[in-house]
Amino acid sequence: MKLLEYQAKQLLTESGVPVPEGRLVERLSDLDRISFPAMLKAQIPVGGRGKAGVVKFAATRTEAESIAGDLLGADIKGFSVTTLLAEAAVDILKELYVCCLNDKECNRPMFMVSREGGVDIEQLAKTSPEKIVRRHIDPLVGLMEYDIRALASELGIARDRRFAAVAKGLWAILRHQDATLVEINPLAVTDTGVTALDGKIILDDNAEFRAGVRRAELKAHQRERIRIQKSEPERLAETYDIAYVLMDGDIGIIADGAGTGMLTLDLVKDLGGNPANFCEMGGKAAAEAAEQAMEIVLSNPNVKSLLISLIGGLTRMDRVAEGIDAYLKRHGCPAPISVRMCGTKAEAGCRILSAHGIEATADLLTAAKAAVHYGGK
Amino acid sequence: MAIFIDRDTRILVQGITGNVGRFQTRIMKDYGSGIVAGVTPGKGGQVVDGTPVYDSVEDAVREHDINAAISFVPAPSAKNAAFEILAAGIPFLVLTTEGIPENDIINIVRHAELTDGRVLGPDTPGLISPGRCKLGVHPHEMFREGPVGIVSKSGSLSYEVARVLTGAGIGQSSVVGIGGGPIWGTTHEDVLREFENDPETKAVVLLGEVGGKLEHRAAAFIESHMTKPVVAMIVGRSAPEGARMGHAGAIVEGEAGTAASKLNALAQAGARTATTSHEIVNILKEIGV
């Protein structure tokens, strides 16, 4: 779960990281309680807000009213803006970059820091990778005082109380609140020490079972504030917790594994077809997941041909076929269905499908060719 | 010999009394795998299909000489269970569990380093040496003994390719699933090293997917260390940027994560690349396997 900036700032504050004073603005009257000059920032869960023109400086109340009037309700990158964060403007001496995450290359948590903050860090990594310094932390030892000193020295700043609070706060959020990314860009150097001007936190969805009420609160707030234009299949996929990626073609795809799902997608494309989606049922109860996957994929009106790609490792094919059968009995299917089915209990599965006139094949390429034939090409 | 496991591997099953653990243990046993003990806290003294169950790994290793383990423990308890295996000195752990928090995986892998253990996974179907031993959940009728080693992130993709190979008369020495990521206890590179040193493996099929840089590291290893032929297939060539393609690690973020860049690196390193299982068969036949 990616937090909105104001939520990230709440977590940072709770963990001792200095941030500018801020208030939420949902309507123009909320501006009454804000002192100027201030920064006004749209609370939408996307990067590059500065470039998108939704982070603005307001010198006066009048300016702020005009900015807030424009931003509130505006549609930006697929999101409708419901909330702004107004923060006291800060005199910036210098902008730094600080980030704490797990390095997948060597399976260690690490800090990534740079003296050149405030920029697109991926761009910087490409053009001047030497300007980003990585420091790995042993997860079984934790963040030590010498790490904090080394980080301050890399950033060219003093190891004062405020910087120590930043380093410790980032570490605590990564390790003890189960974040997978905690990033401050920029971390501003001011007369009074460092301050987090922006905050990006991604929480690990897999750690929800131990996250407690705080995370439930953050989630509830997101439901209130994030207005996203989602398509029907995407909405259903979220409800059913099934992996689904909407694409712009007309061949619907359902697979029972991520790897074979991607292979099927590639094959369809190579054969000249256009996939309407990627959909992997995952390790849930097979019959139920199959029925839900059918509902998700067929709720996309563009689907003219349906390709079901099943290999039957952990999943029993007779159960999957029962799910497909249940869906077809209830709703029917406007598109021709091509099925590749093999593995555990495949014979029984094929028998169930043949009652609907579906002749499953064990060869993926054969099924993919049939699906492309039925699609728009 | 096969890699990591063989006929004489003595296996402990963690979570043996759960639905999946019980079901898969029976299938592994029928296949001929040497399952010697199971562990579920609080269920010590029970017997599951002839396999004695212990309360703790410590108890099990006191009674049996164990050199490999497979865990079916659910994500919330997976870290504790894995630590227990490693602390007891068992050198090889297959971690099938999906959805373990990132911090826990990081800790498990670090703990494995300190105890000289190897963790395969998480989120892996395990591995199979056809005809000898299965330490995983593979639909084993799709596999048969032979000279080709397969290493794959995705379980389903390794089944698919092995099935087509078997159909074409090409058997496998070992088929290893390393898991869907984004953190791996064992990488393509680690498995390639084992295949390179395994006298029975004549050629290797490397199966990868979009996201991360694992395949680039494999390419570097192929270039510098592999003498055996490698055929590579990377799926997700048509994956849109930023979308999560089923696996936690399968997200294209930046150029290095794309299938094109991985295929390019592997080809540069001397691997042959393929786009379908049938093409893999043709290449293997061409190089005389």
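Order of the sequence lines sets the chain letters (A, B, ...), proteins ahead of strands, with each chain counted from 1. Excluded from the calculations below are hydrogen atoms, water molecules and symmetry mates; all remaining heavy atoms, backbone and side chain alike, are included.
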task = Quick one: closest heavy-atom pair of B/Ser238 and A/Met247, and the distance?
result = O-CE, 3.4 Å

query = In terms of heavy-atom proximity below 4.5 Å to chain A, should B/Glu253 be classed as side chain, backbone, both, or neither?
reply = neither

Minimum heavy-atom distance between B/Pro101 and A/Asp178, given as atom pair plus value = CB-OD1, 4.4 Å

request  = With side-chain contact (heavy atoms from CB on, under 4.5 Å) as the test, would you mind laying out the steps for B/Asn107 and A/Arg175 before giving the verdict?
outcome  = CA-CA 11 Å; B/Asn107 284 359; A/Arg175 295 290 296 177; 2.7 Å; yes

request  = Find the distance between SG (A/Cys106) and CD1 (B/Ile106) and round it off to the nearest 0.5 Å.
outcome  = 8.0 Å

query = Where do B/Val235 and A/Gly259 come nearest, in terms of heavy atoms and distance?
reply = CG2-O, 3.8 Å

inquiry  = Would you compute the distance between atom CZ of B/Arg244 and atom OH of A/Tyr244 and round it to the nearest 0.5 angstrom?
reply    = 16.0 Å

message = Apply side-chain contact (heavy atoms from CB on, under 4.5 Å) to residues B/Met233 and A/Leu263 and explain how you reach the verdict.
response = CA-CA 9 Å; B/Met233 178 162 80; A/Leu263 176 65; 3.9 Å; yes

task = With a 4.5 angstrom heavy-atom cut-off, could you sort out which part of A/Leu365 is near chain B: side chain, backbone, both or neither?
result = side chain

Residue B/His247 versus chain A: region with a heavy atom under 4.5 Å = both

request  = Can you tell which part of A/Ala179 gets under 4.5 Å to a heavy atom of chain B, answering side chain, backbone, both or neither?
outcome  = backbone

note = Rounded to the nearest 0.5 Å, the CE atom of A/Met262 sits from the NZ atom of B/Lys153 at a distance of 8.0 Å

task = Using a strict 4.0 Å threshold on nitrogen-to-oxygen distance, state whether B/Arg163 and A/Asp363 make a salt bridge.
result = no

Non-hydrogen side-chain atoms of B/Met245 and A/Val245 separated by less than 4.5 Å = yes

request  = Select one option (side chain, backbone, both, neither) describing which atoms of A/Ala243 are under 4.5 Å from chain B's heavy atoms.
outcome  = side chain

ask   = For the candidates A/Val268, A/Leu267, A/Asp270, A/Asp205, which exhibits the highest count of non-hydrogen atom pairs separated by less than 4.5 Å from chain B?
value = A/Asp270

Side-chain ion pair, B/Arg217 and A/Glu105, N-O less than 4.0 Å = yes

message = Please determine whether a side-chain nitrogen of the Lys or Arg among A/Lys104 and B/Glu102 lies less than 4.0 Å from a carboxylate oxygen of the Asp or Glu.
response = yes

ask   = Taking atom types as modelled and ignoring hydrogens, do the side chains of A/Asn107 and B/Arg110 form a donor-acceptor contact shorter than 3.5 angstrom?
value = no

query = For B/His278, is it the side chain, the backbone, both, or neither that has a heavy atom closer than 4.5 Å to a heavy atom of chain A?
reply = side chain

inquiry  = Please check: side-chain N/O of A/Thr260 versus main-chain N/O of B/Ser156, any donor-acceptor pairing under 3.5 Å?
reply    = no

ask   = Is chain B contacted by the side chain of A/Arg210, its backbone, both, or neither, given a heavy-atom distance below 4.5 Å?
value = side chain

task = Could you tell me whether B/Glu160 and A/Arg340 have a side-chain N and a carboxylate O separated by less than 4.0 Å?
result = yes

request  = Applying side-chain contact (heavy atoms from CB on, under 4.5 Å), run through A/Ile311 and B/Met142 and close with a yes or a no.
outcome  = CA-CA 10 Å; A/Ile311 181 95; B/Met142 296 179 188; 4.2 Å; yes

ask   = Looking at A/Asp256, A/Thr180, A/Thr264, which one has more heavy-atom pairs under 4.5 Å with chain B than the rest?
value = A/Thr180

note = Applying a strict 4.5 Å limit to non-hydrogen atoms, the region of B/Glu255 in contact with chain A is neither

query = For chain A, which of B/Ala248, B/Pro182, B/Ser277 has the most heavy-atom pairs under 4.5 Å?
reply = B/Pro182

Shortest non-hydrogen separation from B/Asn103 to A/Leu174 and the atoms involved = ND2-O, 2.8 Å

task = Give the member of B/Ile234, B/Leu114, B/Asp104, B/Ile105 that has the highest number of heavy-atom pairs under 4.5 Å with chain A.
result = B/Asp104

inquiry  = Set out, in order, the CA-CA distance, both residues' side-chain angles and the distance that settles side-chain contact (heavy atoms from CB on, under 4.5 Å) for A/Asn206 and B/Ile100, then state yes or no.
reply    = CA-CA 6 Å; A/Asn206 286 336; B/Ile100 303 176; over 6 Å; no

